[in-house]
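These notes concern the structure reproduced below.
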Amino acid sequence: MLLFLTQMTFAQDKMFNISVDGGVEILKYSPEIGEPKPGGCVSVECQFQQFLTNNFGYGAGAAISYLTANYYISETIETPITDETDAGIPYTLRTIFDDFNEKQRSFLVEAPVGLYARVPSKYVHFIVGAGIKVGFPIVAKYDYSRGTVETRAYFGDDIEAELKNIPQHGLYKQGTNAGDIDVNRLQLSLYADLMWRFIFNDATPIHFGAYFSYGLNDMVSNHDATMGISKNSILNSTLTDKIVPICIGLKLGLAIPLEKGVKRSIFDGFR
């Protein structure tokens with residue numbers, strides 16, 4: 001046991017990773033109608049990484065991430081209104097989405113912590129890692145980037161009439177609109193890294209690879225807005241269920257070696 005601990009001490013490699021990540025984001029949820037569409041994800045990450053042996057170590061750091069996504073719908077929703085109606089008689093509320101698209105975007109500060117394994121060679125290290133990220137949203141916005149949504153009241157039977165453009169009774173047409181998304185203040189996700197670190201010379205260890213993250217909790221704090229048109233994001237509407245962000249992409253960065261242990265490493269000569 002003492003011999004093993006001694007070897008761990010001598011094999012330490014410490015480094016400071018700076019990387020830029022970019023890829024695709026998907027919001028995983030099942031809306032009653034409409035179609036979620038992928039967006040993009042970009043992040044800048046700084047991470048302290050230490051290998052306690054030649055093959056195993058850990059990493060912890062901080063990142064700023066920018067995420068976007070879209071929701072498209074071109075359908076009509078019909079909702080029977082029977083109790084305590086403004087008109088005094090039952091009617092059908094029609095919500096008409098015409099080529100409607102909502103774009104969502106958010107900035108987060110994230111703190112990833114994980115375990116890493118590596119297969120070293122003279123010029124290339126293969127590294128794989130996984131862990132958990134804690135995210136804190138800074139900004140979460142939406143905007144209706146295209147199309148319109150309109151509410152109308154249809155009276156059937158002997159009346160056969162459709163009323164519209166009566167804003168005081170909730171019947172109106174809405175075009176471009178923007179505002180805040182009500183999000184949870186703490187977001188958790190699992191992540192995985194897969195990368196190759198290239199040692200061209202003692203001063204330029206560059207890494208390239210891929211990353212993946214999967215949200216664990218609901219991105220938004222409520223789903224109470226009526227049909228997503230009450231100046232609220234569709235993500236906060238009754239049309240959506242639990243919303244989970246998923247990101248996949250590529251990463252490119254530079255590893256800056258820090259102080260090493262007694263055993264010299266591939267980074268010797270870096271100044």
Side-chain angles (χ1 to χ4, degrees), residues 15-31 35-50 56-71 102-118 126-142 180-197 207-223 232-237 239-253 255:
M15 61 203 73
F16 187 69
N17 290 332
I18 301 174
S19 62
V20 177
D21 309 342
V24 176
E25 185 206 18
I26 301 171
L27 291 183
K28 181 178 178 292
Y29 62 101
S30 301
E35 179 185 0
K37 291 189 173 183
C41 52
V42 179
S43 66
V44 177
E45 181 180 355
C46 298
Q47 184 190 64
F48 171 78
Q49 197 173 82
Q50 180 177 17
F56 298 101
Y58 68 93
I64 297 179
S65 300
Y66 175 64
L67 311 177
T68 68
N70 296 274
Y71 174 87
E102 178 185 300
K103 184 174 184 179
Q104 303 102 21
R105 60 189 188 278
S106 60
F107 277 99
L108 297 89
V109 172
E110 298 180 299
V113 178
L115 299 176
Y116 288 83
R118 71 177 175 181
F126 174 68
I127 299 173
V128 60
I132 191 167
K133 287 195 296 185
V134 181
F136 304 92
I138 304 173
V139 177
K141 299 283 187 179
Y142 75 91
D180 295 325
I181 303 172
D182 294 330
V183 295
N184 282 313
R185 303 317 301 171
L186 181 65
Q187 297 182 14
L188 300 176
S189 61
L190 297 176
Y191 79 92
D193 286 335
L194 179 69
M195 53 188 173
W196 290 262
R197 183 169 289 139
H207 60 259
F208 173 79
Y211 72 95
F212 173 79
S213 68
Y214 189 97
L216 297 177
N217 61 322
D218 197 345
M219 175 181 174
V220 304
S221 59
N222 64 77
H223 301 273
N232 284 277
S233 169
I234 203 80
L235 302 183
N236 291 123
S237 79
L239 293 177
T240 61
D241 55 11
K242 181 180 178 181
I243 297 169
V244 174
I246 302 173
C247 295
I248 184 170
L250 301 176
K251 64 189 309 165
L252 176 66

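Just so we're clear, the structure is a prediction, and the values are computed from it rather than from any experiment.
- The minimum heavy-atom distance between E102 and N232, with the atom names listed, is OE1-O, 4.3 Å.
- Within the 3.5 Å criterion, the main-chain N or O of V113 finds no donor-acceptor partner in the side chain of Y58.
- Side-chain atoms of D241 come within 3.5 Å of backbone atoms of S30 as a donor-acceptor pair (strictly under, hydrogens ignored).
- Rounded to the nearest 0.5 Å, atoms CE (M219) and NZ (K242) are 13.5 Å apart.
- A side chain to side chain contact (heavy atoms under 4.5 Å, CB included) with Y71 is found for exactly one of P31, S237, S233, namely P31.
- A distance-only check finds no donor-acceptor pair linking the side chain of D193 to the backbone of G129 [under 3.5 Å].
- Going from atom CG of N70 over to atom NZ of K103 covers 6.5 Å, rounded to the nearest 0.5 Å.
- Residues Q104 and L235 are in side-chain contact: their nearest non-hydrogen atoms beyond the backbone lie under 4.5 Å apart.
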side-chain contact (heavy atoms from CB on, under 4.5 Å) for L188 and V134? Distances and angles first, verdict last. CA-CA 5 Å; L188 300 176; V134 181; 3.8 Å; yes
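- For the atom pair CD1 of I181 and OG of S221, the computed distance is 10.5 Å after rounding to the nearest 0.5 Å.
- Between R197 atom CZ and Q49 atom CD the span is 5.0 Å, to the nearest 0.5 Å.
- Taking the six-membered ring where tryptophan is involved, the planes of F126 and W196 are tilted, since the angle between them lies from 30° to 60°.
- Within 6.0 Å of CD1 in I64 there are 12 or fewer heavy atoms belonging to other residues, nucleotides or ligands.
- When all heavy atoms of H207 and A255 are compared, the pair lying nearest together is ND1-N, 4.2 Å.
- The structure places OG of S106 at 6.5 Å from CD of E25, a figure rounded to the nearest 0.5 Å.
- Under the 6.0 Å cut-off for aromatic ring centres, F107 and Y66 qualify, their centroids lying closer than that.
- Looking only at side-chain heavy atoms (C-beta outward), D218 and V244 stay at 4.5 Å or farther from each other.
- Between L190 and F212, the closest side-chain pair of non-hydrogen atoms is not below 4.5 Å.
- Of the possible polar contacts, none joining the E110 side chain to the K133 backbone as a donor-acceptor pair under 3.5 Å is found.
- By the 4.5 Å heavy-atom criterion applied to side chains, C41 and Y211 are counted as neighbours.
- At least one side-chain heavy atom of L67 sits under 4.5 Å from a side-chain heavy atom of C247.
- From N222, atom CG reaches atom CG of D182 across 5.0 Å, with rounding to the nearest 0.5 Å.
- In this structure, M195 and S19 have side chains that are not in contact, with every pair of non-hydrogen atoms separated by 4.5 Å or more.
- You'll find the side chain of L186 reaches within 4.5 Å of the side chain of F136, heavy atoms only.
- Within the 4.5 Å cutoff, the side chain of Q47 has heavy atoms near those of the Y116 side chain.
- Looking only at distances, no side-chain donor or acceptor of S65 sits under 3.5 Å from a matching main-chain atom of S43.
- N184 places a side-chain N or O within 3.5 Å of a backbone atom of V220 that can act as its donor or acceptor partner.
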